2 protein chains.
Amino acid sequence: MVRWEPDAAGRLRRAALELFAERGVEATTVAAIAERAGVTERTFFRYFRDKREVLFGDQEGFAGLFVEGVRAAAPDAAPLEAVAAGLRSASDFFTDDARDGARLRSTVIDAHPGLRERELLKMADVGDRMAAALRERGVAEPGASLAAKSGIAVFHAAFAAWVAPGQTRGLADLTEDGLRELRAIAR
Amino acid sequence: MVRWEPDAAGRLRRAALELFAERGVEATTVAAIAERAGVTERTFFRYFRDKREVLFGDQEGFAGLFVEGVRAAAPDAAPLEAVAAGLRSASDFFTDDARDGARLRSTVIDAHPGLRERELLKMADVGDRMAAALRERGVAEPGASLAAKSGIAVFHAAFAAWVAPGQTRGLADLTEDGLRELRAIAR
DNA sequence: GGTCGTGATGTCACAATCTGACATCAGCGA
DNA sequence: TCGCTGATGTCAGATTGTGACATCACGACC
């Protein structure tokens with residue numbers, strides 16, 4: 001007999017997403033999330049720095065997808081091509097059976113400035129890491145940061161299109177579109 | 001004789017920046033800011049939604065600089081050229097005598113994730129508005145968003161260079177450099 | 001001059017967020 | 001059996017943020 005149900009963090013994450021979707025973020029207290037997950041408020045704050053963080057798990061793994069892609073790019077690939085490799089690596093991770101979950105999460109986040117704020121910070125962190133990986137490849141500033149941030153913009157746009165209602169194309173496809181569009185824009 | 005000293009918001013902003021720089025953001029309570037400004041805590045929250053917001057005044061005016069630049073661009077200018085016009089309009093606003101103040105503010109913001117988060121949200125808002133201005137010019141998505149966000153990345157990099165220790169070049173110059181770099185990166 | 005409305009601020013009560021300190025106790029290895 | 005460990009609980013408290021109502025100089029209007 002176990003003393004506690006396992007995976008408290010996972011239960012908290014699921015409970016939070018449900019409650020945020022059901023009644024909105026503001027109307028959901030940490031106490032309510034903890035109660036649905038079967039733990040105390042104090043335990044919530046042991047797993048998550050604050051109420052918003054509960055929607056953003058495994059930042060290390062997420063950022064790693066991008067960085068590993070950049071690192072694995074051909075040594076002579078141009079900066080934006082290396083960034084494109086990072087985006088492909090991340091895009092491949094999101095298969096279509098994850099789309100519904102991602103859509104719900106996106107809906108919740110977009111409806112709440114505080115969550116959008118947190119997401120921007122997370123994506124900025126990914127951008128910073130990709131820029132660092134580019135510098136390791138010998139790319140100088142400000143080129144490294146510009147390539148990385150433009151890449152993040154592409155991923156953001158592709159992801160938004162991927163979770164848009166009625167979308168049937170895959171994230172990888174949409175990301176390629178975005179990369180082409182970025183090159184066209186910059187002439 | 002006036003009932004209250006004028007410009008309570010300005011006093012609160014100055015008091016907050018001073019205290020954040022002196023003892024850090026976490027160690028500065030709203031009560032302390034209000035006391036230094038000579039008002040009550042409640043008055044602080046009448047002027048600013050939350051403690052972080054006190055460092056981000058006049059978002060309307062700031063975003064307006066970018067948007068007006070985009071709107072004023074030649075009708076046949078390419079998307080990125082219109083964005084460049086927006087960046088120039090904003091860059092011209094920051095003259096060198098504002099550099100010290102901007103540097104202090106940047107130092108405080110960069111040292112605190114919560115403030116960086118808020119700044120990202122503000123800049124994302126500027127990007128959204130530039131993208132909307134581009135769409136008014138007939139630029140389709142995702143091109144409008146990509147051009148706007150890449151432009152924001154350029155401004156961010158230029159601004160960081162502008163407030164870097166020992167920097168003597170002007171923001172407008174650094175912005176032009178960034179634009180050239182962006183075009184080079186995207187080939 | 002007198003009256004009255006307005007707007008900025010103060011006062012008070014309170015919910016919610018977040019943290020530190022300490023207690024509990026099943027499971028595990030020595 | 002004993003003692004340690006790690007996840008969780010309990011409790012007290014500071015801080016943030018909001019709603020409701022009070023105060024009162026100032027200016028408009030009669």
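Quick caveat: nothing in here was measured; it's all calculated off a predicted structure. All chains are named by letter (A, B, ...) in the order of the sequence lines, taking the proteins before the strands, and each is independently numbered beginning at 1.
The distance from atom CD of A:Glu26 to atom P of D:dT16 is 18 Å, rounded to the nearest whole Å. Look at CZ on B:Arg42: it is 12 Å from C1' on C:dC14, rounded to the nearest Å. Rounded to whole angstrom, the span from the CD atom of B:Glu41 across to the C1' atom of C:dT11 amounts to 12 Å. When rounded to the nearest whole Å, the span between CZ of B:Phe45 and P of C:dC14 equals 19 Å. We find that CZ of A:Arg118 is positioned 14 Å from P of C:dT17, with the value rounded to whole Å. In this structure, CG of B:Asp50 is placed 22 Å from P of C:dA15, rounded to the nearest angstrom. In this structure, the CZ atom of A:Arg3 is 16 Å from the P atom of D:dT5, given to the nearest Å. As rounded to whole Å, 14 Å separates atom P of D:dT16 from atom CD of B:Glu35.
A close approach under 4.0 Å does occur between a side-chain nitrogen or oxygen of B:Tyr47 and OP1 or OP2 of C:dT9. For the pair B:Thr29 and D:dA14, the criterion of a side-chain N or O lying under 4.0 Å from OP1 or OP2 is not met. The shortest distance between the side-chain N/O atoms of A:Thr40 and the OP1/OP2 oxygens of D:dT8 is not below 4.0 Å.
Few gaps surround CZ on A:Phe56; more than 12 heavy atoms of other groups in view lie less than 6.0 Å from it.
Taken together through direct or relayed side-chain contacts under 4.5 Å among Ile, Leu, Val, Met, Phe, Trp and Tyr, A:Met130 and A:Leu182 form part of one hydrophobic cluster.
Atoms OH and CD, on A:Tyr47 and A:Glu53 in that order, are 15.0 Å from each other to the nearest 0.5 Å. In this structure, CG on B:Asp110 lies 7.0 Å from CD on B:Glu119, to the nearest 0.5 angstrom.
The residue B:Arg46 sits close to a base: some heavy atom pair falls under 4.0 Å.
Closest to the A:Lys51 side chain, of the nucleotides D:dT8, C:dT17, C:dT9, is C:dT17.
Nearest heavy atoms, B:Val139 versus B:Ala144: CG1-N, 3.7 Å.
Nearest-nucleotide mapping onto DNA chain D: of B:Trp4 and B:Phe44, the residue sitting toward the 5' end is B:Phe44.
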